[in-house]
There are 2 protein chains.
Amino acid sequence: MPADKKRFEEGDDFAPRFDANGLITAVAQDAKTGEILMVAHMNQEALKQTIKTGLATYYSRSRKKLWKKGEQSGHIQKVERILIDCDQDCIVLKVSVDAGQCHVGYDSCFYRAVESNNPRKLRFIAQKSYDPNESYKK
Amino acid sequence: MPADKKRFEEGDDFAPRFDANGLITAVAQDAKTGEILMVAHMNQEALKQTIKTGLATYYSRSRKKLWKKGEQSGHIQKVERILIDCDQDCIVLKVSVDAGQCHVGYDSCFYRAVESNNPRKLRFIAQKSYDPNESYKK
């Protein structure tokens, strides 16, 4: 095994690998229920802010700026634990949240499942837990 | 809201959005325990194969080819459910697995956490569940 690979995989240095765009994938998981809430991206500054403040901060690729989760909606993510994967190119945030983490109005962004008998269709598996029109008009 | 955005977010058409490299991020989650096992990528063919066979198939960016999870190690992922997020650019696979999903020897690729009192260091939070040297020599 190359020394570099071994260092990433078996070592205890936190050495996150950002991609060609300076980003790393981050998965937010409800620390209590285990539900996967959303998948987003962080740049180095977003990760630094997340560690420093204890509140999940991402990098918005569409808005091209840092995005403290909940800054508009109020639905923040309090970071309980940060995990990194074997090759250090993906992060899992174990977070404490209130209801409604998805901007569409659901607790999780993953509110639809592929129909098993018709894979071109989706089935809604959750109910909206808040009204995004109310939260985002502030 | 633009019609296109509404269709992606509120509709029941499965219309996964692959990125500029033809890939979509896929998170594998243990259907029983909720543990996040790994994060990988799929191209259109990998997703098609996953749906068709019921076994998680990814696209390996390093090897530049389809990669049926477990083809070498034996540690396959039986897909129980496929979820898609609001803007349809990320997939969650709820999978049934045996022990040892990570090639390093752990159940999950996320076997290390960032130390809260020293964010440059990682703490191992899991024990290896199999010997990868045995599994991969076949």
Side-chain angles (χ1 to χ4, degrees), chain A residues 5-6 8-16 25-27 29-30 33-41 47-48 50-52 54 62 79-92 94 102-106 108-116 118-126, chain B residues 5-6 8-16 25-27 29-30 33-41 47-48 50-52 54 62 79-92 94 102-106 108-116 118-126:
Chain A
K5 188 170 157 67
K6 191 170 169 60
F8 273 111
E9 293 182 350
E10 307 267 6
D12 66 354
D13 285 330
F14 182 40
T25 302
V27 183
Q29 182 179 31
D30 189 318
T33 66
E35 186 174 21
I36 295 175
L37 301 171
M38 55 178 277
V39 176
H41 296 82
L47 178 58
K48 194 176 152 189
T50 299
I51 291 172
K52 188 177 161 189
S62 56
V79 179
E80 304 287 342
R81 199 177 225 188
I82 302 174
L83 308 179
I84 186 106
D85 72 345
C86 42
D87 57 357
Q88 303 212 28
D89 69 353
C90 186
I91 281 170
V92 165
K94 298 271 197 177
C102 178
H103 76 286
V104 179
Y106 297 90
S108 158
C109 294
F110 296 90
Y111 50 85
R112 292 171 296 183
V114 177
E115 286 274 18
S116 49
N118 180 1
R120 294 168 65 177
K121 285 290 175 188
L122 298 172
R123 188 161 50 82
F124 285 75
I125 56 169
Chain B
K5 189 170 155 69
K6 192 169 167 63
F8 273 112
E9 293 183 348
E10 307 270 5
D12 67 353
D13 285 331
F14 182 41
T25 302
V27 183
Q29 183 180 31
D30 189 317
T33 66
E35 186 173 21
I36 296 175
L37 301 170
M38 54 178 274
V39 176
H41 296 83
L47 177 58
K48 193 175 152 190
T50 298
I51 292 172
K52 187 176 162 192
S62 54
V79 178
E80 303 288 343
R81 198 176 225 190
I82 301 174
L83 308 179
I84 186 109
D85 73 345
C86 42
D87 58 355
Q88 302 213 27
D89 69 354
C90 186
I91 281 171
V92 165
K94 298 269 197 180
C102 176
H103 76 285
V104 181
Y106 297 89
S108 157
C109 294
F110 296 90
Y111 50 84
R112 292 170 296 181
V114 177
E115 284 275 18
S116 51
N118 180 2
R120 295 167 66 177
K121 284 291 174 187
L122 299 172
R123 189 162 48 84
F124 285 76
I125 57 170

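Quick note on labels: first sequence line is chain A, next is B, and so on, each numbered from 1.
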Interface check, chain A: of B/Gly34, B/Ala113, B/Gly105, most non-hydrogen pairs under 4.5 Å belong to B/Ala113
One option among B/Thr33, B/Val39, B/Val114 has the most heavy-atom pairs under 4.5 Å with chain A, and it is B/Val114
query: Ignoring hydrogens and geometry, is there a side-chain-to-backbone donor-acceptor pair from B/Gln88 to B/Ala15 under 3.5 Å?
result: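 Confirmed, B/Gln88 side chain pairs with B/Ala15 backbone.
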Examine distances only and state if a side-chain atom of B/Thr25 and a backbone atom of B/Cys90 form a donor-acceptor pair shorter than 3.5 Å.
no
One option among A/Asn118, A/Asp87, A/Val27, A/Asp85 has the most heavy-atom pairs under 4.5 Å with chain B, and it is A/Asp85
Is [X] close to chain A through its backbone or its side chain, or both, or neither, when contacts mean heavy atoms under 4.5 Å?
X: B/Asp89; answer: side chain
X: B/Arg112; answer: both
X: B/Val92; answer: both
X: B/Ile51; answer: side chain
X: B/Ile91; answer: backbone

- Item | Close side-chain approach of A/Leu122 and A/Glu115, heavy atoms under 4.5 Å | no
Exercise. Thinking salt bridges, do A/Lys121 and B/Asp13 make one under a 4.0 Å N-O criterion?
Worked result: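 B/Asp13 and A/Lys121: salt-bridged.
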Taken in chain and number order and not counting sequence neighbours, the residues that satisfy ring pair (Phe, Tyr, Trp, His ring centres under 6.0 Å) with A/Tyr106 are A/Tyr111
Contacts of A/Lys48 meeting side-chain contact (heavy atoms from CB on, under 4.5 Å) (sequence neighbours excluded), chain-then-number -> A/Glu45
